[in-house]
Amino acid sequence: MNYDALESRYPSRRGLVYGKKGMVCTSQPQAAQAGLDILKKGGNAVDAALAAAACLTVVEPCSNGIGGDCFALVWKDGRLYGLNGSGPSPALLKADRLWQAGLTEIPEKGWIPVTVPGVPAAWACLNERFGALSLREDLQPAVDCAGEGFPVTPVIAHAWRQAGRAMMPFRGKEEFQEWFRVFTDDGRTPEAGELWRLPDHARTLEAIGESRAEEFYRGSLADAMEAFSLRTGGLLRKGDLLSYAPQWVEPVSVTYKGYDIWELPPNGNGVVVLAALNILEQLKIKGHEDPEGIHRQLEAMKLAFADGQQFLADPRRMRLPVDALLNKSYAKERAGQIRERAMLPEHGTPYCGGTVYLCTADESGMMVSFIQSGYDDFGSGIVVPGTGINLQDRGCGFSLDPESPNFLEPGKRPYHTIIPGFLGKDGAALGPFGVMGAMMQPQGHVQVLMNLIDFGMNPQDALNAPRWQWKGERKVELEAGFGPEVLCSLRKRGHEVSTAGNPWSMGRGQMILRQENGVYVGATEPRADGCALPW
């Protein structure tokens, strides 16, 4: 792509960033700097991604943590590799146990939604296969950051404060006491610019680096997790940790108007992105602010989401192959179901046919698309005493409906929202991209890709441009920046439109693309405290 030849209606709030030897783009400047330092030390794109990811567990703890999950796409030597770093439910977590407790859905906080953390094992797995430095070296910047302290950035201070308010009802319960000790000052969350230290976090990161994550799944950290779980009514056991391993998977892709769009297969919902693009390829979209075009994009997203929520799950439990959902003939059929008025989402019958995102690149052409999450703000709110391990609440992706493909079962991976993306053309790599933010992620992927491919925006403008978000049923949010005619037109078509009160709700993305001359161009999200650092 030659962006010098393109014009955009959306002036970049920051200019594009170019780098010859490498690039690191993250939602936090300190994390980006950690990745760049590792590149300059002799690390490659994977080492830089791990350094940035570990640092993000420190400086953006409300979005991700050591006790979370992650997914990665790695381009190396003309091939794309995929890693599923999500963990399963504990062996003791069974639906009948929750039914007996009077529950009809999985709660967001506490021990019940806790699944086995995949992050440390995935870090070690990526480092072993692709890293040029040791895992200890990759994690050292994060160890230093946590131990010495870091200044809290404005967006994170705001998110931390909101999470603190949500946690207040749990303050008197034993299992949540460590969260308040680690992440508040007697209930007060940090202000922007305030220095915050996480010494327990530093020791745990150091132990993970030194032991290549063995200490987390087989050693004293595993013992601490089990002991705290037993003491406070949790179901996570050391056996769950011992049996865990990340999975190398084959990425899935579709062609969209001559470009190759790559995502990871289920249990994540990257297939939703690909299905939506397949539908949109059948439709005419005039421009970014074309009301009819936005209507069609929203309806395509509804159809793709409906199919995803009906059929996507742990691959061992899926009722049809991914290929059926990505069949072009099926996409044409679904596109034909879109009408002039907003519809309620319904799945088809295709048998015929809180998160952080970062990306890195190095001089050899290796590129990494990486996403990591604890899910809801600060995950489950369970922090293992003395370790800084904040356990995720990915169990919320399960259903207690026995007819659902995501029905809760022991040892099953939940439906996942986090998805790294990768863009290519004619068999060559262009680069990694991603947009974090729960169910906004597939919608963000689709919009950023259409901004690049359909509307001719450069990477920074593609991230800057105002976004829409389907919120369920006929509910739609529009970000500031769309004209009043768009809002009026969508309402006339039956959409229940509101304006987004928080720009963070529209996702936060990063992107690196490689030009034909080998120079990288990087872009970072204006809705976050993001940073794109070149070398």
Side-chain angles (χ1 to χ4, degrees), residues 57-58 61-69 87 89-117 119-120 146 159-190 196-205 207 215-217 219-241 354 374-396 398 408 410:
T57 68
V58 179
C62 47
S63 305
N64 73 132
I66 301 170
D69 280 349
S89 56
L92 294 176
L93 184 59
K94 301 177 182 179
D96 56 0
R97 182 189 292 264
L98 304 190
W99 288 332
Q100 290 170 10
L103 295 174
T104 57
E105 60 183 23
I106 311 293
E108 293 180 354
K109 299 297 180 187
W111 277 109
I112 290 174
V114 171
T115 52
V116 176
V119 160
W160 205 324
R161 182 165 56 252
Q162 287 186 315
R165 290 170 181 164
M167 285 293 295
M168 288 307 290
F170 305 101
R171 191 172 183 181
K173 297 184 178 181
E174 181 184 0
E175 62 267 39
F176 298 105
Q177 291 307 301
E178 185 74 354
W179 185 90
F180 285 95
R181 186 188 73 80
V182 172
F183 294 114
T184 75
D185 179 5
D186 194 24
R188 181 190 67 82
T189 59
W196 202 263
R197 293 181 66 249
L198 295 171
D200 294 341
H201 202 106
R203 287 189 292 271
T204 292
L205 285 170
E215 195 68 23
F216 189 93
Y217 294 94
S220 62
L221 293 174
D223 292 337
M225 282 184 269
E226 180 177 62
F228 190 54
S229 178
L230 285 167
R231 188 169 81 244
T232 56
L235 300 175
L236 185 68
R237 298 292 184 266
K238 192 171 182 179
D240 299 313
L241 299 166
Y375 199 32
D376 193 44
D377 293 339
F378 283 100
S380 66
I382 302 289
V383 178
V384 181
T387 70
I389 299 171
N390 188 23
L391 295 168
Q392 64 186 355
D393 61 339
R394 276 292 164 186
C396 291
F398 288 121
L408 173 63

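Just so you know, these numbers come straight off a predicted model, no measurement behind them.
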Closest approach of [X] to [Y] (non-hydrogen atoms, all atoms of both residues):
X	Y	result
Q392	V116	NE2-O, 3.4 Å
I112	P107	CG2-CD, 3.8 Å
R181	G386	NH2-N, 4.3 Å

Measuring from atom [atom1] of [X] to atom [atom2] of [Y], what distance do you get when rounded to the nearest 0.5 angstrom?
X	Y	atom1	atom2	result
D69	N64	CG	CG	11.5 Å
T387	D223	OG1	CG	12.0 Å
D240	S89	CG	OG	8.0 Å
R97	L103	CZ	CG	12.0 Å
T189	Q162	OG1	CD	10.0 Å
Y375	R394	OH	CZ	6.0 Å

Can you tell if the side chain of [X] reaches within under 4.5 Å of the side chain of [Y], non-hydrogen atoms only?
X	Y	value
I66	P117	no
L98	L93	yes
P113	F398	no
F216	V119	no
W196	V58	no
E178	F183	no
T184	M167	no

For E226, side-chain contact (heavy atoms from CB on, under 4.5 Å) partners two or more places apart: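 Residues passing side-chain contact (heavy atoms from CB on, under 4.5 Å) with E226: L230, R237, K238.
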
Candidates F228, F170, W179 - the one meeting side-chain contact (heavy atoms from CB on, under 4.5 Å) with I382: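 Of the listed options, the one satisfying the test is F228.
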
K109/D377 ion pair, N-O < 4.0 Å: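 No, K109 and D377 are not salt-bridged.
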
Set of residues satisfying salt bridge (Lys or Arg N to Asp or Glu O under 4.0 Å) with respect to R231, sequence neighbours excluded: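 For R231 the salt bridge (Lys or Arg N to Asp or Glu O under 4.0 Å) partners, ignoring immediate neighbours, are E174.
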
Expected output: side-chain D185 to main-chain P190 donor-acceptor under 3.5 Å: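 Here the side-chain-to-backbone pair does not exist.
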
Any donor-acceptor N/O pair, D376 side chain to E108 backbone, under 3.5 Å: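 Not at all, since once roles are kept as given, no pair shorter than 3.5 Å links the two residues.
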
Donor-acceptor side-chain pairing of T232 and W111 below 3.5 angstrom: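 Their side chains do contain a donor-acceptor pair, which is all the 3.5 Å distance test asks for.
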
Working for side chain to side chain contact (heavy atoms under 4.5 Å, CB included), residues W99 and K94: CA-CA 9 Å; W99 288 332; K94 301 177 182 179; over 6 Å; no

